[in-house]
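Only one structure is covered here, and it is reproduced in the block below.
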Amino acid sequence: MDFDPVLLARLQFAFTIIFHIIFPSFTIGLSAYIATLGVLWLRTGEERHQLLMRFWVKIFAVSFAMGVVSGIVLSYQFGTNWSRFSVATGNILGPLLGYEVLTAFFLEATFLGILLFGFSRVPRWLYVLSAIVVAVGTMLSSFWILAANSWMQTPAGHEWRDGVAFPLDWFQIVFNPSFPYRFAHMLNAAYLTAGFVVIAVGARYVLGGKHMAEGRTMLRMGIGLAAILAPLQLVIGDQHGLNTLKHQPIKVAAMEAHWDGSKPADFHIFAWPDEKNGTNHFELSIPKGASLILTHHLNGLVPGLLSVPEADRPPVKVVFFAFRIMLAIGFFMIGSALLGAFFWWRGTLFDHDWYLRMMAQTWWLGFVAVVAGWVVTESGRQPWVVYGIMRTADATSPVPGATIAGTLALFIVAYGIAFSFGIFYINRLIARGPDALKPKDEPGGISQIASTRDAGQGIV
Amino acid sequence: MRRDDEGFVMEWYLPLIWAGVIGTAVAMYVIMDGFDLGIGILFPFAKDETERDQMMRSIAPFWDGNETWLVLGGAGLFVAFPRAYAVIMPAFYVPVIVMLVALVFRGVAFEFRIVSHSKKGWSLAFIIGSTLATFAQGVILGGLIQGIKVENGAYAGGPFDWATPFGLLCGLSLIAGYGLLGATWLVMKTEGPVAVRARQQSKILLIAVLVFMAAVSLYTPLLQERIAERWFSLPNFYYLWPVPVITALTAFFCWRWIGQGRDAPPFLAAIALFMLGYLGLVISSFPYLVPPTLTIWDTAGAPSSQIFMLIGTLVLLPFVLGYIVLVYWLFRGKVREGESYH
Ligand code: HDD
Ligand code: HEM
Ligand code: HEM
């Protein structure tokens with residue numbers, strides 16, 4: 001059988017990284033929430049905050065483990081699947097990943113040990129400090145990996161010699177033109193993702209009449225956060241799009257399915273892009289809408305897809321629909337969070353059953369939006385792996401297609417198993433709720449661990 | 001000094017320094033993840049899940065940090081020797097991916113075992129994952145010693161070149177080696193029946209490790225003339241003969257300390273044994289990173305990238321080591337019989 005190694009390598013990479021990003025986008029946000037609860041607990045001394053913190057730490061532990069193991073896979077895939085890319089960009093991307101390991105991964109992994117196992121062993125302040133350190137670690141990790149990814153989108157600060165990139169100015173490399181936007185947008189996305197999970201769980205508890213105090217706290221904290229961050233995400237996203245228009249106009253054309261650059265661009269609410277004939281079917285559009293968003297003029301012109309040869313166009317359908325999925329979720333988040341804030345202001349946040357029932361179903365929204373956003377960014381960059389400089393087809397490893405197909409199947413099976421159990425266990429932890437952590441339900445658990453502190457001193 | 005000379009000095013010393021940094025990261029990985037992978041290798045011999053809880057409790061706060069050294073090793077290779085990274089990874093495509101998938105299963109097993117009703121299934125995943133990951137690492141090591149087929153700076157062999165008797169021998173050796181690290185770790189960190197059993201296992205595994213070390217040491221010079229020459233030509237032999245002698249002495253003391261009922265010394269001796277074996281491999285291969293064609297200088301990245309990263313490493317690594325020590329200190333002491341880990 002004939003396998004196309006480039007396609008398979010891309011499928012494998014897309015599969016493993018999409019699997020990976022699901023967990024960081026949750027853990028970045030959740031670690032910040034846990035740290036916040038920790039600080040509240042230190043300041044108020046209330047049991048509610050302590051219980052909530054430890055409850056979310058348990059869920060955090062499960063998702064963090066899956067984030068770590070799937071991330072390790074990625075860091076090796078640069079070499080296994082993209083060895084020619086590694087040679088060409090190693091001088092730039094290597095140090096960025098290296099700094100990620102040294103500033104972020106060790107920090108997260110080490111202090112996670114205290115967060116998971118130190119509750120009855122270390123003083124309160126050190127426990128809460130560990131939560132803060134883990135949250136900062138996840139932020140640093142995003143900083144470096146997004147610098148790396150943004151450099152591939154909008155390369156700067158380097159020169160190419162004989163097909164290899166050499167660094168000239170590290171500041172320009174890290175703070176390349178698209179980096180600030182991507183970093184802000186992604187971090188905010190992670191906080192929103194975790195926020196909506198917290199909201200959904202809180203709504204579930206309040207509806208079910210279980211863990212009421214904790215459920216209400218979660219709902220209030222989540223709604224308060226989302227009411228600020230969801231509109232903010234629209235603003236950042238808009239700026240991000242304008243930046244992309246400047247540096248990757250063809251990606252924007254694909255996002256809007258805009259073919260003919262000599263006419264103002266419509267905003268298509270729906271369309272079926274026809275890549276063969278360079279046009280759309282079944283358009284439902286706001287005339288000149290995209291021109292207004294992108295140029296702030298009704299008759300402003302932006303480049304169309306037809307302005308470059310077919311070989312230089314990204315897959316339009318994928319980019320177009322993924323972008324619309326993200327937008328739809330973004331606007332839903334804004335609407336629902338503002339509505340919740342309004343209810344809260346009226347003092348009726350817990351009284352509208354329909355609202356709580358709806359919010360209890362929203363836990364998955366952030367994840368889908370994040371994946372859709374990344375698909376826009378990465379597929380929109382095609383056919384380049386380093387925009388405008390190196391094509392994806394020139395980035396592969398000398399590995400036969402059949403080998404990649406075999407290992408891809410292995411990944412799908414392995415991740416499928418790990419993921420199903422992970423989701424199942426997280427659900428079970430949520431169903432048990434924070435009450436399960438109250439001391440009376442844990443006979444001897446804590447005291448037993450505490451007792452080891454006095455045993456066998458002096459051994460590393 | 002003229003500018004050209006300066007450039008030459010940088011291009012000569014930087015790769016050497018980086019080889020040292022990566023060598024250290026790999027050594028840290030082998031010791032630290034070695035003992036926790038070893039726990040997985042010893043898991044099948046525990047009496048029941050309660051004992052397994054105790055074994056796991058002894059490594060649970062540390063394993064994630066331990067595994068991060070593997071990421072540092074990979075990233076370090078990518079930073080300093082991108083051309084070696086780009087040859088080694090495709091050459092060992094299958095064992096690398098098998099190792100990664102195995103690490104996935106053993107990694108999630110830590111958390112899943114706590115929350116699942118029946119621990120048996122995830123114990124099995126932990127056993128298979130740990131053993132398979134270890135075996136794959138040994139196979140990769142063996143493949144590296146044997147050499148990689150390179151043309152025009154790219155990997156030119158087939159997908160299964162690593163599957164040789166020597167590679168498989170190295171895989172088994174590493175299982176015994178990590179097993180020994182794990183067993184001596186349990187001797188140091190646990191009490192009760194688990195510790196007693198670990199002490200017996202340490203003795204058996206020590207013998208196994210010595211047999212494997214001898215086999216690999218004899219096999220390697222036969223395999224490659226270059227390696228035979230490195231060890232047995234004069235004057236090298238005068239400098240190198242202490243290596244096997246010190247190894248034998250270390251093994252002897254390890255055995256005695258196990259027998260005398262000491263707690264920490266056997267673990268330290270097992271680490272020393274590992275480091276000596278590692279030193280032997282370095283002596284055999286240096287200065288090749290991709291034997292027998294590419295040296296550390298052939299595969300080095302841009303000096304400016306190496307310097308940029310070296311500065312970061314020198315500043316950050318002391319902090320990293322500092323908080324790693326903090327966590328090991330916070331969780332010092334023995335894990336009691338019947339103690340679980342949530
Ligand atoms: C530092 C690098 C980096 C980072 C942070 C990301 N990617 Fe990426 N991505 C690549 C580096 C890359 C790559 C190596 O450059 C690929 C492989 C083939 C390609 O064109 O780009 C790629 C391809 C690629 C594809 C396939 C696109 C196609 O072939 O049409 C998808 C769907 C994603 N990525 C998704 C993601 C997601 C969900 C990410 C969020 C974590 C992500 N990428 C971050
Ligand atoms: C190609 C891209 C990527 C690679 C190679 C990569 C690599 C890794 C690795 C090796 C780990 C495990 C670290 C450990 O041992 O603790 C990890 C975890 C993590 N990654 Fe990624 N990653 C990528 C994309 C991203 C992106 C885009 C983000 C965020 C915006 C991200 C955020 C994180 C975070 C926060 C963790 C910590 C573990 C967790 O939260 O689950 N990564 N990544
Ligand atoms: C509501 C309005 C939103 C707008 C206008 C918007 C805009 C954009 C644009 C233009 C891009 C592509 C950037 C590029 O590569 O050129 C993007 C990417 C992305 N979006 Fe959004 N977005 C919105 C909402 C959201 C929401 C709600 C989430 C998740 C919770 C999200 C997550 C992402 C992610 C993860 C990416 C990829 C990373 C990046 O390039 O920043 N977005 N967004």
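In what follows, every chain begins at residue 1, and chains take the letters A, B, ... in the order their sequences are listed.
With a 4.5 Å cut-off on non-hydrogen atoms, P159(B) touches chain A through its side chain but not through its backbone. With a 4.5 Å cut-off on non-hydrogen atoms, L316(B) touches chain A through its side chain but not through its backbone. For chain A, no part of F62(B) is nearby; none of its heavy atoms comes within less than 4.5 Å. Using a 4.5 Å cut-off between heavy atoms, L96(A) makes no contact with chain B at all. With a 4.5 Å cut-off on non-hydrogen atoms, V115(B) touches chain A through its backbone and its side chain both. Contact annotation for R84(A): neither backbone nor side-chain heavy atoms come within less than 4.5 Å of a heavy atom of chain B. At a 4.5 Å heavy-atom cutoff, the contact between V94(B) and chain A is made by side-chain atoms alone. Contacts between W69(B) and chain A at a heavy-atom distance below 4.5 Å involve backbone atoms as well as side-chain atoms. Contact of T299(B) with chain A is not made at all, since no heavy-atom distance falls under 4.5 Å. The part of Y415(A) that comes within reach of chain B is its side chain, from C-beta onward, which places non-hydrogen atoms under 4.5 angstrom from that chain.
Put simply, CD on E108(A) and OG1 on T68(B) are 8.5 Å apart, with the number rounded to the nearest 0.5 Å. Interatomic distance, L326(B) CG to I114(A) CD1, rounded to the nearest 0.5 Å: 5.0 Å. To the nearest 0.5 Å, the span separating CG on L97(A) from CG on L72(B) amounts to 11.5 Å. Atoms CG and CZ, on D64(B) and F111(A) in that order, are 13.0 Å from each other to the nearest 0.5 Å. The OG atom of S75(A) lies 7.5 Å from the CG atom of L100(B); values are rounded to the nearest 0.5 Å.
Contact between R332(B) and R121(A) at its shortest, heavy atoms only, is O-NH1, 3.5 Å. Summarising the geometry of Y85(B) relative to S86(A), their closest heavy-atom pair is CE2-OG, 3.8 Å, with the distance given to 0.1 Å. The minimum heavy-atom distance linking A86(B) with V87(A) is given by the pair CB-CG2, 3.3 Å.
Contact of the L70(B) side chain with the Y76(A) side chain is registered, since non-hydrogen atoms from C-beta on lie closer than 4.5 Å. Contact of the M309(B) side chain with the L102(A) side chain is registered, since non-hydrogen atoms from C-beta on lie closer than 4.5 Å. Using a 4.5 Å cut-off on side-chain heavy atoms (C-beta onward), E111(B) and F60(A) make no contact. Side-chain contact between S304(B) and F166(A) is absent, with no heavy atoms from C-beta onward closer than 4.5 Å. You'll find the side chain of F106(A) reaches within 4.5 Å of the side chain of Y323(B), heavy atoms only. Contact of the P82(B) side chain with the N91(A) side chain is registered, since non-hydrogen atoms from C-beta on lie closer than 4.5 Å.
A distance below 6.0 Å separates the ring centres of Y99(A) and F308(B).
Per-residue counts of heavy-atom pairs under 4.5 Å with chain B were compared for P95(A), G90(A), A88(A); the largest is that of P95(A). Between chain B and the options T407(A), I417(A), L429(A), T89(A), heavy-atom pairs under 4.5 Å are most frequent for T407(A). When each of G76(B), G65(B), A302(B), G107(B) is checked for heavy-atom pairs under 4.5 Å with chain A, A302(B) comes out on top. When I324(B), V325(B), L77(B) are compared by the number of non-hydrogen pairs under 4.5 Å with chain A, I324(B) comes out ahead. Note: I97(B) leads L317(B), I97(B), L103(B) in heavy-atom pairs under 4.5 Å with chain A. Heavy-atom pairs under 4.5 Å with chain B were tallied for T80(A), V101(A), L410(A); the largest tally goes to T80(A).
At most 12 heavy atoms of other shown residues, nucleotides or ligands fall within 6.0 angstrom of atom CZ in F319(B).
Between F117(A) and F331(B), the ring planes lie perpendicular to each other; the angle is over 60°, past the 30° to 60° tilted range.
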